[in-house]
Novice: 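Take this structure first; my questions come after.
Here the structure is a predicted model, which means the values were calculated and not measured.
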Amino acid sequence: MSKKEELKSQILKLTREYYKEVHGEKKEFIPGKTFINYGGRFFNDEEMVNLVDSSLDFWLTAGPWAHKFETRLAQWLGVKHCALTNSGSSANLLAFYALTSPKLGERRIKKGDEVITVACGFPTTVTPIIQFGAVPVFVDITIPEYDIDVTKLEEAYTEKTKAVMIAHSLGNPFNLKEVKAFCDKHNLWLVEDNCDALGSEYTIDGVTKKTGTWGHIGTSSFYPPHHMTMGEGGAVYTDDRELDKIIRSFRDWGRDCWCIGGVDNTCKCRFTGQFGELPVGYDHKYVYSHFGFNLKVTDMQAAIGCAQLEKLDDIVEARRKNFQTLRKGLEGTPGLILPEATPDSNPSWFGFLISVKEDAGFTRNELSEYLESKRIQTRNLFAGNLLKHPAFDEMRKEGTGYRVIGDLKGTDFVMTNTFWIGVYPGMSPEMLEFMISTIKEFVASKQ
């Protein structure tokens, strides 16, 4: 063993010992005193060893670990291509902007074209549409699935419609059969925001696939509370080779070249092509076919992700199990609407949604505040109704830049009456039972 290998072995051994000393010991759960967060980092010594290992190589930008992660996640999802990026929001940005590429010809999204989506969800599913200058068309959701109301799709459609871009709400797949049929009928792009649903499955005509892989492009987030984490990070995946090249171009400054970072002339046309009005033979590494960004990850983030991937199947199953424990424990609780999986789906839940009925005798905020007082963390369903937020003040006042189908009654109900609690794998059976008993205790006090 060389001196370098010996030192690395010692460092990684000490890293494992450090994990056990600092992070490895499970703390006693004390009801009402121990904080029950809705989500968080779920890791062991493997993530820390990978992180330190990659840092010793000092490959600071995307490199071997990133390539390994992209390959393995694509295999896990069952898709051909996967591109890492620095967040789930960036993943949505890249997914949308890829569809604006001139390389797509008549199918490209242009300024003023329309994209069908929902107002009930996270803002960065919609933000890229507005930033580009396209027009989001907002459709209501159904309860208790909290996903797009597919009966409104045809009403939302016009000759300007080019795509549907929506999320699988808190891990519950939207009705992919109807949405995909609608997109196929009108030759529309389908982007699945899969950031809250990694591992969810949906079945169409006897074929079961993971969500994010039914549409043209899927996106994921690796922020700490999500199913797996890199700290910050995201991914964009597709079966379409041309879309993958466009996604990578937008991610990597908009360049035309697809050479692997740190490797020259993978494309075999570095000094032989003619692009735009550039001189013949202009260095292809500095040819730009899109107005792009720099949205890559570091190799150290990817190294953490590689360790997380090894746990992903177990993480998904733990989330499903925790969800079922809450669902069974809260069944029949007066005044509450409990979540239901979309037919033909097997969700990989991000959280447990609870809605308070209008005639419950108490409000969403009262129940949330009570849970928080007992050290149980709660969250609203993100934006509630995105159109009500200050970001839309000018557009709302002018009445331009977006369209709304119907009255968004379900969306407004969620804004006022809905919240969620966690199901992440770090929750113990004792925590889950305390959450159930605390909710029931509050409801009983209001009867």
Novice: Consider side-chain hydrogen bond (donor to acceptor under 3.5 Å, both in side chains). Of His226, His227, Glu232, which one does Ser221 pass it with?
Specialist: His226
Novice: For the pair Thr71 (side chain) and His67 (backbone), establish whether a donor and an acceptor sit closer than 3.5 Å, ignoring hydrogens and angles.
Specialist: yes
Novice: Starting at CE of Met300, measure out to CG of Leu56 and round the result to the nearest 0.5 Å.
Specialist: 10.5 Å
Novice: Tell me whether Lys8 at atom NZ has more than 12 heavy atoms from other residues, nucleotides or ligands lying less than 6.0 Å away.
Specialist: yes
Novice: Determine, step by step, whether Ser90 and Ser87 satisfy the side chain to side chain donor-acceptor pair (under 3.5 Å) criterion, reporting the C-alpha distance in whole Å, the side-chain angles of both residues, the deciding distance to 0.1 Å, and the verdict.
Specialist: CA-CA 5 Å; Ser90 292; Ser87 73; 3.2 Å; yes
Novice: Check whether any side-chain N or O of Asp140 sits under 3.5 Å from a backbone N or O of Thr411 as a donor-acceptor pair, and report yes or no.
Specialist: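 The answer is yes, because a donor-acceptor pair under 3.5 Å joins these two groups.
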Novice: Show your reasoning for whether side chain to side chain donor-acceptor pair (under 3.5 Å) applies to Thr298 and Gln301.
Specialist: CA-CA 5 Å; Thr298 67; Gln301 290 171 270; 3.1 Å; yes
Novice: Compute both the distance and the angle, then confirm whether Arg320 meets the cation-pi test with Trp349: under 6.0 Å from the six-membered ring centre, within 45 degrees of the axis.
Specialist: no
Novice: Rounded to the nearest 0.5 Å, how far does CG of Leu153 lie from NZ of Lys185?
Specialist: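 So the NZ of Lys185 and the CG of Leu153 are separated by 10.5 Å.
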Novice: Test side-chain contact (heavy atoms from CB on, under 4.5 Å) on His81 and Arg241; report intermediate values, then the result.
Specialist: CA-CA 7 Å; His81 309 285; Arg241 184 172 181 270; 3.7 Å; yes
Novice: Tell me whether Asn294 contacts the main-chain N or O of Asp252 through its side chain, where contact means a donor paired with an acceptor under 3.5 Å.
Specialist: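 No, because the side chain of Asn294 does not come within donor-acceptor range (under 3.5 Å) of the backbone of Asp252.
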Novice: So, Arg41 and Glu47, do they make that salt bridge, N to O below 4.0 Å?
Specialist: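 Salt bridge absent between Arg41 and Glu47.
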Novice: Atom CZ of residue position Phe291 - does it have more than 12 heavy atoms of other residues, nucleotides or ligands inside 6.0 Å?
Specialist: no
Novice: Under the criterion side-chain contact (heavy atoms from CB on, under 4.5 Å), I'd like the reasoning laid out for Glu46 against Tyr19: C-alpha separation, chi angles, the key distance, then a yes or no.
Specialist: CA-CA 9 Å; Glu46 295 299 329; Tyr19 166 82; over 6 Å; no
Novice: So which heavy atom on Ala235 is nearest to which on Cys82, and how close?
Specialist: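 Heavy atoms of Ala235 and Cys82 come nearest at CB-SG, 4.0 Å.
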Novice: Looking at Ile109 and Ala163, what are the two nearest heavy atoms and their distance?
Specialist: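 Closest heavy-atom pair between Ile109 and Ala163: CD1-CB, 4.0 Å.
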Novice: Using modelled atom types and a 3.5 Å cut-off, is there a donor and acceptor pairing between side-chain atoms of Asp196 and backbone atoms of Phe350?
Specialist: no
Novice: Taking Trp65 for its side chain and Lys68 for its backbone only, find out whether a donor-acceptor pair lies under 3.5 Å.
Specialist: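 Checked: no pair found.
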Novice: Can the ring centres of Tyr97 and His290 be said to be less than 6.0 Å apart?
Specialist: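 No, ring centres 6.0 Å or more apart.
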Novice: Could you tell me whether Arg251 and Glu70 make a salt bridge, using a distance below 4.0 angstrom between a side-chain N and a carboxylate O?
Specialist: yes
Novice: Check for a donor-acceptor pair, side chain of Ser445 on one end and backbone N or O of Phe442 on the other, with a separation under 3.5 Å.
Specialist: yes
Novice: Tell me whether the centres of the aromatic rings in Tyr38 and Tyr424 are closer together than 6.0 Å.
Specialist: no
Novice: Passes side chain to side chain donor-acceptor pair (under 3.5 Å), Glu145 versus Thr142? Steps please.
Specialist: CA-CA 6 Å; Glu145 298 84 11; Thr142 60; 2.9 Å; yes
Novice: Roughly how far apart are His216 NE2 and Thr238 OG1, rounded to 0.5 Å?
Specialist: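 Nearest 0.5 Å value for the NE2-OG1 distance: 8.0 Å.
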Novice: Could you report the tightest heavy-atom contact between Ala98 and Ile217, atom names first, then the distance?
Specialist: CB-CD1, 4.5 Å
Novice: Is the distance between the ring centroids of Phe362 and Tyr370 less than 6.0 Å?
Specialist: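 They do not qualify: ring centres at least 6.0 Å apart.
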Novice: Would you call the rings of Phe323 and Phe352 parallel, tilted or perpendicular, taking 30° and 60° as the class edges?
Specialist: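 Ring orientation of Phe323 relative to Phe352: tilted.
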Novice: Please say whether more than 12 non-hydrogen atoms of neighbouring residues, nucleotides or ligands are located less than 6.0 Å from CD in Gln10.
Specialist: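 Correct, the count exceeds 12.
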Novice: For Thr219, is there any backbone N or O sitting under 3.5 Å from a side-chain donor or acceptor partner on Tyr237?
Specialist: yes
Novice: Would you find a donor on one side and an acceptor on the other, under 3.5 Å apart, between the side chain of Ser348 and the backbone of Leu198?
Specialist: yes
Novice: Just by modelled atom types, is the Pro31 backbone N or O under 3.5 Å from a matching donor or acceptor in the Arg375 side chain?
Specialist: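 Answer holds: no.
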Novice: So, for Arg364 and Met415, which heavy atoms are closest and what is the spacing to 0.1 Å?
Specialist: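 Closest heavy-atom pair between Arg364 and Met415: NH2-O, 2.9 Å.
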Novice: As an exercise, state the distance from NZ of Lys13 to OG1 of Thr15, rounded to the nearest 0.5 Å.
Specialist: 12.0 Å
Novice: Give, for atom CG of Leu243 and atom CG of Leu104, the distance between the pair rounded to the nearest 0.5 Å.
Specialist: 6.0 Å
Novice: Heavy-atom count around Lys321 NZ within 6.0 Å, excluding the residue itself: above 12?
Specialist: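 Check fails, neighbour count at 12 or below.
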Novice: How long is the straight-line distance from CH2 of Trp420 back to CD of Gln377, given to the nearest 0.5 Å?
Specialist: 8.5 Å
Novice: What is the minimum heavy-atom distance between Ile204 and Lys180, and which atoms define it?
Specialist: CD1-CD, 4.5 Å
Novice: Could you go through Asp313 and Trp76, starting from their C-alpha distance and side-chain angles, then the distance that decides it, and tell me whether this counts as side chain to side chain donor-acceptor pair (under 3.5 Å)?
Specialist: CA-CA 9 Å; Asp313 286 324; Trp76 190 85; 3.0 Å; yes
Novice: Salt bridge between Glu25 and Lys20, side-chain N to carboxylate O under 4.0 Å?
Specialist: no
Novice: Salt bridge check, Glu317 against Lys311: does any charged N sit closer than 4.0 Å to a carboxylate O?
Specialist: no
Novice: Which heavy atom in Ile141 sits nearest to a heavy atom in Tyr146, and how many Å separate them?
Specialist: CD1-CA, 4.0 Å
Novice: Decide, yes or no, whether a salt bridge links Lys80 with Asp239 under the criterion of side-chain N to carboxylate O below 4.0 Å.
Specialist: no
Novice: For the residue pair Lys209 and Trp214, would you count it as a cation-pi contact if the rule is NZ or CZ under 6.0 angstrom from the ring centre and within 45 degrees of the ring axis?
Specialist: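 So Lys209 does make the cation-pi contact.
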Novice: I'd like to know if the side chain of Ser345 reaches the main chain of Ala341, judged simply by a donor and an acceptor atom lying under 3.5 Å from each other, with no hydrogens or angles considered.
Specialist: no
Novice: So for atom CZ, which belongs to Phe29, do other residues, nucleotides or ligands contribute more than 12 heavy atoms lying within a distance under 6.0 Å?
Specialist: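 Result for CZ/Phe29: enclosed.
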Novice: For Tyr223, is the OH atom crowded, meaning more than 12 foreign heavy atoms sit under 6.0 Å from it?
Specialist: no
